[in-house]
Amino acid sequence: MRFDILTLFPHMFSSPLRESIVGKAIEKGLIQIRTINIRDFAFDKHQVVDDTPYGGGQGMVMKVEPIARAIEWVKSQNPSAWTIYLTPQGKQFNQNICQKLSSRSHLILLCGRYEGVDERARELFVDEEISIGDYVLTGGELAAMVIIDAVSRLLPGVLGSDRSAEEDSFFNSLLEYPQYTLPFDFRGRSVPEVLLSGNHSAISLWRRREALKRTLVRRPDLLDKANLSDEEKKLLDDILQESKTDKSGDGV
Ligand code: 4FV
């Protein structure tokens, strides 16, 4: 999978994507990441890439011409590349969008700066606008890194075993169950016995219950979207009954 990143700050990408799982995926040739400096496509003497907004107002706007040349240069190598603009005005990034993007072979990630890019760059060249959250960053670069990380780990061969992505939070839009490892007891808090039982059906039942309880309390909105099995629906009813009886309100 190829990621072409259009940015004014290519060096921001040098270390974060060279570590750990994404770094290994690059070494294994499972993903290719190329940073393209938009300023290299500003051909005037001062390589100007931004200007004041028409109609006045604060800040600067990224000019359309360097962006157009940069995207057309990439698309001249692969016309089917899919162009994403990272912006707070985009649709909220989530695991479903991540799944869809992981089926593509070439993504162009356009990173805005200042007040953003000229509207015509979006109209003429952008296929999809994505936001990583309702807050304002200084640039789209960190959002691009989030996309690259989340998409890459879904690619075959990137995670130790592809199975582990299937146990992700949100994989079936439930939050993940609590995880434990050695020591068995830490400051008087011990690991739930069932996890040491070796009884795999009891363990997966416990995990499913904990995932449902945690989702019910922390992200009930996800439950509406979750396609729960009949067993899970039954489990959820039990949990709701319990919570009714157990009004002690202890968090889960
Ligand atoms: C952003 C977000 C984001 C807006 C102005 C860059 C900044 C500056 N991108 N999800 N949230 N972008 O805040 O994706 O140009």
Side-chain angles (χ1 to χ4, degrees), residues 1-17 19 22 31 33-42 46-72 74 81-104 106-155 168-170 173 219 221-222 225:
M1 177 145 187
R2 173 185 283 280
F3 297 96
D4 278 329
I5 306 160
L6 270 58
T7 173
L8 292 174
F9 300 96
H11 302 306
M12 280 184 70
F13 295 85
S14 41
S15 58
L17 299 173
E19 298 301 324
V22 175
I31 62 173
I33 298 178
R34 180 170 61 169
T35 53
I36 296 160
N37 192 332
I38 295 169
R39 197 178 295 281
D40 296 343
F41 293 83
H46 303 294
Q47 291 193 296
V48 174
V49 293
D50 62 330
D51 207 332
T52 54
Y54 269 114
Q58 47 131 27
M60 300 292 273
V61 175
M62 289 176 74
K63 291 170 63 62
V64 62
E65 304 99 320
I67 294 171
R69 295 192 198 100
I71 291 178
E72 286 171 340
V74 175
W82 183 254
T83 303
I84 294 171
Y85 176 44
L86 293 307
T87 169
Q89 297 150 29
K91 58 184 174 200
Q92 177 80 35
F93 187 53
N94 60 30
Q95 200 65 14
N96 289 342
I97 294 173
C98 191
Q99 290 278 349
K100 289 195 188 76
L101 292 178
S102 68
S103 62
R104 294 187 178 278
H106 189 173
L107 294 180
I108 298 173
L109 301 172
L110 173 58
C111 303
R113 279 275 157 174
Y114 322 119
E115 301 312 309
V117 304
D118 185 292
E119 190 64 15
R120 292 157 295 181
R122 303 161 84 157
E123 292 162 356
L124 294 169
F125 301 104
V126 170
D127 299 307
E128 187 173 4
E129 298 197 353
I130 293 177
S131 169
I132 62 166
D134 295 344
Y135 38 81
V136 181
L137 304 169
T138 59
E141 285 77 10
L142 294 175
M145 291 181 208
V146 166
I147 305 274
I148 292 170
D149 186 282
V151 169
S152 297
R153 61 187 295 287
L154 296 182
L155 302 174
D168 276 350
S169 282
F170 310 111
S173 71
R219 293 292 307 280
D221 59 298
L222 290 174
K225 286 183 275 193

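Predicted, not measured: the structure shown is a model, and the values here were computed from it. Both counts, for ligands and for their atoms, begin at 1 and track the order of listing. Scope of the values below: all heavy atoms of this structure, side chains included, with no hydrogens, waters or symmetry mates.
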Is there a side-chain contact between [X] and [Y] in this structure, where contact means two heavy atoms from C-beta onward sitting under 4.5 Å apart?
| X | Y | value |
| --- | --- | --- |
| Leu101 | Glu128 | yes |
| Arg104 | Val151 | no |
| Arg122 | Leu110 | no |
| Ile148 | Ile5 | yes |
| Leu17 | Phe3 | no |

Ligand-side contact atoms (ligand 1) for residue partner [X], heavy atom cut-off under 4.0 Å:
| X | value |
| --- | --- |
| Gly133 | 11 (N) |
| Gly112 | 6 (C), 15 (O) |
| Tyr135 | 11 (N), 13 (O) |
| Arg113 | 15 (O) |
| Tyr114 | 5 (C), 8 (C), 15 (O) |
| Leu86 | 9 (N), 14 (O) |

Results of side-chain hydrogen bond (donor to acceptor under 3.5 Å, both in side chains) for Arg120 - residues two or more places apart only: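 For Arg120 the side-chain hydrogen bond (donor to acceptor under 3.5 Å, both in side chains) partners, ignoring immediate neighbours, are Asp118.
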Between Val136 and ligand 1, is there a nitrogen or oxygen pair with a distance under 3.5 Å?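 Between Val136 and ligand 1 (N or O atoms, distance only) the closest approach is not under 3.5 Å.
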Please check if the side chain of Tyr85 supplies one atom and the backbone of Val117 the other of a donor-acceptor pair under 3.5 Å.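 Judged by distance alone, yes, a pair lies under 3.5 Å.
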Does Ser152 use its side chain to pair, donor to acceptor, with the backbone of Asp149 at less than 3.5 Å?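 A pair under 3.5 Å: no.
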Closest approach of any protein heavy atom to [atom], naming residue and atom:
| atom | result |
| --- | --- |
| atom 10 (N) of ligand 1 | Ile132 N, 3.0 Å |
| atom 7 (C) of ligand 1 | Leu137 O, 3.3 Å |
| atom 12 (N) of ligand 1 | Pro88 CD, 3.7 Å |

Measuring from atom 6 (C) of ligand 1, which candidate in Gly116, Gly139, Ala143, Ala144 has the nearest non-hydrogen atom?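 Of the listed residues, Gly139 has the closest heavy atom.
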Side chain, backbone, both or neither: Thr87 near ligand 1, heavy atoms under 4.0 Å: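 Near ligand 1, Thr87 shows its backbone, while the atoms from C-beta on stay back.
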Under 4.0 Å, heavy-atom basis, I'd like to know which part of Ser131 is in contact with ligand 1: side chain, backbone, both or neither.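 Both parts.
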Heavy-atom pair of closest approach, residues Arg34 and Arg2: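 In terms of heavy atoms, the two residues are closest at NE-NH1, 3.4 Å.
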